[in-house]
Amino acid sequence: MLNRHILWVALFLGLIANAQVCPDILYPADGATNVPLDATIDWETVDGVPSYNITLGTTPGGNDILTSQFASGSAYTPPLGLPANTTIYVTITLFFFNQPNVTCPSYSFTTEPLTSIPNCTQTANPPDMATDVNPNTNISWNHVYGAEGYLISLGNTPGGTELLNNFDVGSTLTYNPPEGLLPSESTIYVTITPYNSLGSAMGCAYQQFSTKAESEIPDCTSIIYPQNGETNVPLSPLLEWYAVPDATGYIVTIGTTPTETDILDGAIFYTNTTPVVNFEPNKTFFITIVPFNDAGQAEGCTQTSFTTILGCGPYLDFDTGEYVIINPEIDFPDSFSSCQNEGPLQISSTDEAEGYRWYQIDEFDDETLISSTNEVTITENGLYRYEAYNTVSQNGNTIECPSYKIFEVVSSEMATIENIIAQPTVSSLRLTVIASGIGSYEYAIDNIDGPYSDNNVFDNVEPGSHTIYVRDKNGCGIAQKEFTQDLTVEGFPKFFTPNGDNINDYWQFIQPKKSEPVVLKSIRIFDRYGNFLKQIFQNSLGWDGNFRGRPLPAGDYWFVAIDDSDREIKGHFTLKR
C-alpha cells in the first residue's frame, strides 16, 4: 500500500518505492509496569531505514526526560537510567538523509518505584590513581542504578573537601572544574556520593589522581579515507583519519553543503574512525575533523569533501561547481476542476522528462496506473498522483529518478445568478449578487473581461441598467444577467417642475392611498454629489428647488426620509425646468 506521503528510499543501483511502517516494540511492551530503571528500549528494524532517533517524555511526544538522540541500531539504553515510578512515553523517529523523517506514534510504560538508597560509584575519568592528568580535565563517573543525582567533593587530602564541598551536580555524570580550581602537579582526592529521594549512598570511598602542568591543545589531523575530492565512494564507507598523539578524541561534523551539519553535528569519537554510515548516493559530503584534549580543541582544521557513488543527486560537479539533479523539475497544480456536462477531463503535462506515469488513489490509498504518457483522461473526482522521471545509466544499470505530485480533481459548473439585491444610498446603489452552483466564483459588472473580484457586493453603482457577470474560476463558463434600478420609492414623486405655474411647483411626499399611513419625522434632500441642500417635514409645503434663495439647475436629486420607527427610506427624483 502506498500512502499519500510516499517515501522514496534511495538504494544502490535503483530507487524502490516502499511504504514505511513504524517498528514493532520488543521491550518494554506498551503498557508494561514495574520496568527496571536500567532497561534497554528495543524495537524491530524497518527495511530501508538508515537510522533512528528516540525521545522520552512524561507526555505523548514529549522530550522532558530525553531530548532527541541518535540510536545506534534498533536499541537504546538511557545513559542516566530512567526515573522511578514514572509513566514514560517513547517516541521513535525513522531518520532519512534524503527525505522527510517519519515520527511514529508514542507508546508508554511505567517504571518500578524506588525501594532503597543508591550504591556508591567509581570515577571513569580520570581513573583511580591516574597520573599526569591535565588540571583542566573534566571529571566523570559511572551511572548508579536508582540514583537521581550526585554530590562531588574535591580535596588535597584523602576524603577532603578543601577544593569543593559536596557540590550537587544534579543528574549529570560529569563535572567541569572552573579554570584554576585544580592545582597543577598535585594529588587530587575525589569523592562522589549518589543520592535519590530515599537518601544518599553511605560510606563512599575517595579516589585520587595526580595532575601535571597544563598541556597544549592538539594539532589538526588529515583524512585517510576518503581522500579530499574522491568520487564513487561507497554508501557505507569506513571514514578514517590519522590519529593525533596528544588528542583525547575527535569532533566530527558532516554536511551536504560546506556550511550545513545535517548528517553529523559535532559527534565525538574516541578513535580515529567512524562507524559505518549509510550515505545518500550521488551526493557530495563535506567533513571536518577537530582533535581535542583536556586543554581544548585544535584550531584551523580544514574541511574536505567526497562524493558517493552515482544516483539521482543532487551532487557536486567539480568542473562547473554546480549541483546536478537528475530528477526532472515539475510544475504541477494542487487541483483540477472537471466541468459538469463537458465530458472527461483531459490533462497534459508540459514538464520536460523522459517518461510519465499517472496513478489514481482510492479510499484505501491504493494506487492504480491509468496512463504512461504525458497525457491522461480522468472521468472521476478524487485523488491522483502524477509522476515524471528521467533515467541515468550508472555502472551498467539504468536508474529511474522520479519527481511526483499528489493532486485532486473536483467538480465545477457555471454559476446560476439567483438574485441581485439593490440597496439605495444617498447618490448611488449597493448591489449584492446572489449566485449558486458547485464552483468557485468571481464577479464583475458591465464588462465581461473584468476586472473580476471575489467580492459579490458592488458599491457606488449609478442608477440605471447594468450587466452582472459571474465567472467560474475553474473555466466552466460565465453567467450574466441584466439589471435595471431607478430607485423609485412609493409615495415620493419621480419629478417636479418649479417653474411658477402653480402646477407641481413643490416636491413633497404624498401619502399612498392603498397602504398604511406613513409618518415621517424628516426628509433631507441632497444633490448628486451628496451635498446637503434642504430638510423638509411631512406637513410642510415641500421643497421649491432653491438653495439659499437661488434656483438649482435641472437634474437628479436624492432624499433620505426617516419614519417614526427610525427606518431610513432612500431614493432620488428629477428636477425639471
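In this text the structure is predicted, and so the values were computed from the model without any measurement. Any value given below was found using the heavy atoms of this structure, including those in side chains, with hydrogens, waters and symmetry copies removed.
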Aromatic contact, Phe492 with Phe559 (centres under 6.0 Å):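 Yes, the ring of Phe492 comes within the 6.0 Å limit of the ring of Phe559, centre to centre.
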Does one side chain, of Ser436 or Glu418, offer a donor that lies under 3.5 Å from an acceptor on the other?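 Checked: Ser436/Glu418 side chains pair up, N/O donor to acceptor below 3.5 Å.
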Count the heavy atoms of every other residue, nucleotide or ligand shown that sit under 6.0 Å from CD of Gln303, and state whether that count exceeds 12.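 Yes - once you tally the heavy atoms of other residues, nucleotides and ligands closer than 6.0 Å, there are more than 12.
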Is a side-chain donor or acceptor of Asn390 paired with a backbone partner of Ile326 at a separation under 3.5 angstrom?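 Here the side-chain-to-backbone pair exists.
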Do Ser106 and Thr91 get their side chains close enough for a donor-acceptor pair, meaning under 3.5 Å?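 Yes, side-chain donor-acceptor contact under 3.5 Å.
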May I ask you to decide if Ile503's main-chain N or O and Asp501's side chain share a donor-acceptor pair within less than 3.5 Å?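 Side chain of Asp501 to backbone of Ile503: a pair is present.
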Quick check against the 3.5 Å criterion: does Asn546 have a side-chain atom that pairs as donor or acceptor with the backbone of Gly549?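 Judged by distance alone, no pair lies under 3.5 Å.
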Answer yes or no: does atom CD of Gln346 have more than 12 heavy-atom neighbours from other residues, nucleotides or ligands under 6.0 Å?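 Yes, enclosed.
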Hey, is the main chain of Ser108 close enough, under 3.5 Å, to the side chain of Asp30 for a donor-acceptor pair?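 Such a contact is found between Asp30 side chain and Ser108 backbone.
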Are any side-chain N or O atoms of Gln508 and backbone N or O atoms of Ile536, one a donor and one an acceptor, separated by less than 3.5 Å?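 Answer holds: no.
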How close do Phe286 and Ser305 get, counting heavy atoms only, and between which atoms?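 Result for this residue pair: CD2-CB, 3.6 Å.
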So for atom CZ, which belongs to Phe495, do other residues, nucleotides or ligands contribute more than 12 heavy atoms lying within a distance under 6.0 Å?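 Not buried by this count: 12 neighbours or fewer within 6.0 Å.
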Kindly indicate, with the supporting measurements, whether the criterion side chain to side chain donor-acceptor pair (under 3.5 Å) is fulfilled by Ser338 and Ser411. CA-CA 5 Å; Ser338 175; Ser411 291; 5.5 Å; no
Value rounded to 0.5 Å, distance of CZ in Phe573 from CH2 in Trp543: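 Here the interatomic distance stands at 5.0 Å.
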Working for side-chain contact (heavy atoms from CB on, under 4.5 Å), residues Tyr443 and Val457: CA-CA 9 Å; Tyr443 305 83; Val457 177; over 6 Å; no
Distance in Å, Arg385 CZ paired with Trp358 CH2, rounded so as to fall on 0.5 Å steps: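 One finds 11.5 Å between CZ of Arg385 and CH2 of Trp358.
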When you measure from the side chain of Asn327 to the backbone of Pro402, do you find a donor-acceptor pair of N or O atoms at a distance under 3.5 Å?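 Answer holds: yes.
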Step through the shown structure and confirm whether more than 12 heavy atoms of other residues, nucleotides or ligands are within 6.0 Å of CG on Asp331.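 It does not: Asp331 CG has 12 such atoms or fewer within range.
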Checking Thr391 against Glu354: is there a side-chain donor and acceptor pair closer than 3.5 Å?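 Yes.
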Picking from Thr86, Val90, Ile25, what satisfies side chain to side chain contact (heavy atoms under 4.5 Å, CB included) with Phe109?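 For Phe109, the side chain to side chain contact (heavy atoms under 4.5 Å, CB included) test succeeds with only one of Thr86, Val90, Ile25, which is Val90.
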Does Pro498 offer a backbone N or O that forms a donor-acceptor pair with the side chain of Arg577 under 3.5 Å?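 It does hold such a pair.
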Polar side chain donor-acceptor pair, Thr93 to Asn101, under 3.5 angstrom: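 No pair is found: no donor N or O on one side chain lies under 3.5 Å from an acceptor on the other.
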Derivation and outcome, side chain to side chain donor-acceptor pair (under 3.5 Å), residues Ser348 and Glu375: CA-CA 4 Å; Ser348 297; Glu375 296 182 342; 3.3 Å; yes
So how far is it from Asn504 CG to Thr497 OG1, rounded to the nearest 0.5 Å?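 OG1 of Thr497 is found 4.5 Å from CG of Asn504.
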Assess the side chains of Thr467 and Asp446: does a donor N or O sit below 3.5 Å from an acceptor N or O?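 Checked: Thr467/Asp446 side chains show no N/O donor-acceptor pair below 3.5 Å.
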Do side-chain atoms of Lys576 reach the backbone of Phe496 as a donor and acceptor pair under 3.5 angstrom?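 It does not hold such a pair.
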Is the distance between the ring centroids of Phe526 and Trp558 under 6.0 Å?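 So the answer is no for these two rings.
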Before we go on, tell me: are the rings of Phe306 and Phe279 under 6.0 Å apart, centre to centre?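 Yes.
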Within the 3.5 Å criterion, strictly below it, is a donor on Tyr386 or Asp351 matched to an acceptor on the partner's side chain?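 Side chains of Tyr386 and Asp351: pair found under 3.5 Å.
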Pair Ile434, Ile417 - check side-chain contact (heavy atoms from CB on, under 4.5 Å), show working. CA-CA 6 Å; Ile434 308 301; Ile417 301 177; over 6 Å; no
Please walk me through it: do Lys473 and Glu442 pass salt bridge (charged side-chain N to carboxylate O under 4.0 Å, His left out)? CA-CA 7 Å; Lys473 292 183 179 180; Glu442 52 190 0; 5.1 Å; no
Do the side-chain N and O atoms of Thr55 and Ser68 include a donor-acceptor pair separated by under 3.5 angstrom?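 No, no side-chain donor-acceptor pair sits under 3.5 Å.
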CG on Leu520 to CG on Asp563, rounded to 0.5 Å: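 One gets 6.5 Å once the value is rounded to the nearest 0.5 Å.
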Go through the structure and list residues passing ring-ring contact (aromatic ring centres under 6.0 Å, His included) with Tyr441, not counting sequence neighbours.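 Per chain and number, Tyr441 pairs via ring-ring contact (aromatic ring centres under 6.0 Å, His included) with no residue.
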Hey, do the aromatic rings of Phe336 and Phe407 have their centres closer than 6.0 Å?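 Here the rings of Phe407 and Phe336 have centres that are less than 6.0 Å from each other.
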Take Asp556 and Arg528 through the salt bridge (charged side-chain N to carboxylate O under 4.0 Å, His left out) test and state the conclusion after the steps. CA-CA 7 Å; Asp556 286 339; Arg528 63 179 301 172; over 6 Å; no
Ring centre gap for Tyr52 and Trp43 strictly below 6.0 Å: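 Tyr52 vs Trp43: aromatic centres under 6.0 Å.
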Show, in sequence, the C-alpha distance, side-chain angles and deciding distance for Thr110 and Thr87, and conclude whether the side chain to side chain donor-acceptor pair (under 3.5 Å) test is met. CA-CA 4 Å; Thr110 303; Thr87 297; 3.1 Å; yes
I'd like to know if the side chain of Thr261 reaches the main chain of Leu264, judged simply by a donor and an acceptor atom lying under 3.5 Å from each other, with no hydrogens or angles considered.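 Side chain of Thr261 to backbone of Leu264: no pair is present.
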Evaluate salt bridge (charged side-chain N to carboxylate O under 4.0 Å, His left out) for Asp544 paired with Lys534, printing each intermediate quantity in order. CA-CA 10 Å; Asp544 60 4; Lys534 181 74 174 179; over 6 Å; no
Chi angles and distances behind the salt bridge (charged side-chain N to carboxylate O under 4.0 Å, His left out) call for Arg357, Glu367: CA-CA 11 Å; Arg357 297 188 186 97; Glu367 294 189 343; over 6 Å; no
Would you say Asn63's side chain and Thr67's backbone share a donor-acceptor pair under 3.5 angstrom?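 It does not hold such a pair.
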Rounded at 0.5 Å granularity, tell me how far CD1 in Ile378 sits from OH in Tyr384.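 The OH atom of Tyr384 is 5.0 Å from CD1 of Ile378, to the nearest 0.5 Å.
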Rounded distance (nearest 0.5 Å) linking atom SG of Cys22 with atom CD1 of Ile92: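 CD1 of Ile92 is found 8.5 Å from SG of Cys22.
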Gln538 side chain near Gln511 side chain, heavy-atom distance below 4.5 Å: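 Yes, their side chains come closer than 4.5 Å.
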